[in-house]
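Below is one structure, written out as structure tokens; the observations come after it.
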Protein chains: 2
Amino acid sequence: MGTVLDSDASPVRLALVAEDPLARGALSRALSEQAGDIAVIASGTLAEVESSRAGDAPDVVLWDVGLHPSEVGGRMEAPELGAPVLALVPDESAGEGALSTGARGLLFRDVAPAPLWAALRAVARGLSVFDPALSALRATPRAGASASAPEGLTPREREVLALLAEGLSNKAIAERLDISEHTAKFHVNAVLAKLGVQRRTEAVVRAARMGLVTL
Amino acid sequence: MGTVLDSDASPVRLALVAEDPLARGALSRALSEQAGDIAVIASGTLAEVESSRAGDAPDVVLWDVGLHPSEVGGRMEAPELGAPVLALVPDESAGEGALSTGARGLLFRDVAPAPLWAALRAVARGLSVFDPALSALRATPRAGASASAPEGLTPREREVLALLAEGLSNKAIAERLDISEHTAKFHVNAVLAKLGVQRRTEAVVRAARMGLVTL
DNA sequence: TCCCGACCTACCCGAATGGCTAGTCCCCCT
DNA sequence: AGGGGGACTAGCCATTCGGGTAGGTCGGGA
């Protein structure tokens, strides 16, 4: 942070951390298709990136925790590279772990490119960024209250439920998830069925009562 | 989403809401110095912007709650312009209030330009953005936050709102209140209008957040 | 007295919703 | 290799919603 000019134009220097080469490649490729104000200065597994640390530290670390973060080992080990970490998680449970390791932001792994770029820049500027569906985790100790039935609900359905709780219409949900309105309806129906209700409003109320979503 | 290019290049359409003309001017000026991918399509006080709503809705609302949001009146009234709201608050206490009105992001008023741009883009993409010092909020069970405005809502409307929060259809509400379905719709519409929402689900969420109903 | 607000009823119409059936990928598990 | 499940797309159809407009009654305050 210094001159006036660096305010926005200065490229964001990014360190990309992912154990899975495939995921790393996909992210790296997607990143490179960017206008150019995001520069990948390091990429590799956690060990690789931490060792290859060449003089200049990144502005932000994009950390893909992978599909099965729990299998990796006892606890999740977050990158420690002197920069805020934006974690990509497969689901809510992984989000808790990532947060506890100090992640500054939390997005789902399948986030669309545009939001990802925006999030990276925001985190690089020192902000915290969350997917709305994950923002409930913030500082929430999650007192084992998971009790309810997240089971039965697939990840996609939980995602839809979260948007449902935002009061979005099917069309809006479709746009947000970048799927067809038909599919959005499909998922909404699945949620309604699994929650045993007829109306989306009911679904939101029940979900809120069960702690599936945070209003 | 279609081409690669639209992913990030598409300009963000912003509505700027601030009661204080000075603050508005400062923000507006700062905004205009931007590269150009943020277009201010509306600017003014809450009332002004909400009324001048010209056809196309913004992608994001930048809302400056001012220096003394508590003095304004009993409760904070958030912009409801069909877009996620990024609130600029003077301190943590104001943050709680802003959150309870549904703000999607929370930054301090004196945030630097760069983080602000980044945050605006992220919120426009559907993400939640917080200043790290504020991200711990939300966990607080909206202590004094309730206080809200049962005023504005007539007794009958509050009654309808309660049934709305049960997920009842217009017909069901009509039967429960022993009035015609037409009348039920009438009251529901009144509630929607007074809460500033389009969908009954939204109404329930907002009402819950404001403490008007208990889920 | 007259006006106003709360409350109630009614009709029209386009959009949204939910319910149903059906089909395609893809991946995992047996 | 085959089965099953999740994610996605699709069309059809009846109902519900939401918005707008246009009334009606009643009680209280100006």
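In the set dT9(C), dC8(D), dT9(D), dC8(D) carries the atom at the smallest distance from any side-chain atom of Arg156(A). Ranking dA10(D), dT16(D), dG18(D) by closeness to the Arg199(B) side chain, first place goes to dG18(D). For His182(A), the listed nucleotide lying nearest its side chain is dG11(D); candidates were dG11(D), dT16(D), dT9(D). The nucleotide whose nearest atom lies closest to any side-chain atom of Leu192(A) is, among dG6(D), dG18(C), dG18(D), dG18(C). When each of dT17(C), dG19(C), dC8(D) is scored by its nearest atom to the side-chain atoms of Arg200(A), the top-ranked nucleotide is dT17(C). When distances are taken from the side chain of Lys185(A) to each of dC12(D), dG18(D), dA16(C), the shortest belongs to dC12(D).
Taking only side-chain nitrogens and oxygens, Asn170(A) comes nearer than 4.0 Å to OP1 or OP2 of dT17(C). A sub-4.0 Å separation between OP1 or OP2 of dC8(C) and a side-chain N or O of His187(B) is present. Contact annotation: Ser169(A) does not reach the phosphate of dA16(C) (side-chain N/O to OP1 or OP2, under 4.0 Å). A close approach under 4.0 Å does not occur between any side-chain nitrogen or oxygen of Asn189(A) and OP1 or OP2 of dG18(C).
Residue-to-nucleotide proximity on DNA chain C shows that, of Lys171(A) and Thr183(B), the 5′-proximal contact is made by Thr183(B). Where Thr201(B) and Phe186(B) meet DNA chain D, the nucleotide closest to each residue was compared, and Thr201(B) sits on the side nearer the 5' end.
Looking at Arg109(B) and Asp64(B), a side-chain N of the basic residue comes within less than 4.0 Å of a carboxylate O on the acidic one, giving a salt bridge. Checked for salt-bridge contact, Asp59(A) and Arg125(A) miss the test: no charged N lies under 4.0 Å from a carboxylate O.
Across all strands, Glu157(B) comes closer than 4.0 Å to no nucleic acid atom at all (heavy-atom distances).
A donor-acceptor pair is defined here as one N or O able to donate and one able to accept, closer than 3.5 Å; no such pair exists between the side chain of Glu166(B) and the backbone of Leu163(B). Without hydrogens or angle criteria, Arg104(B) side chain to Ala87(B) main chain gives no donor-acceptor distance under 3.5 Å.
Side-chain atoms of Ser43(A) and Ser28(A) include no donor-acceptor pair closer than 3.5 Å.
In this structure, Ile179(A) places its CD1 atom 16 Å from P of dG6(D), rounding to the nearest Å.
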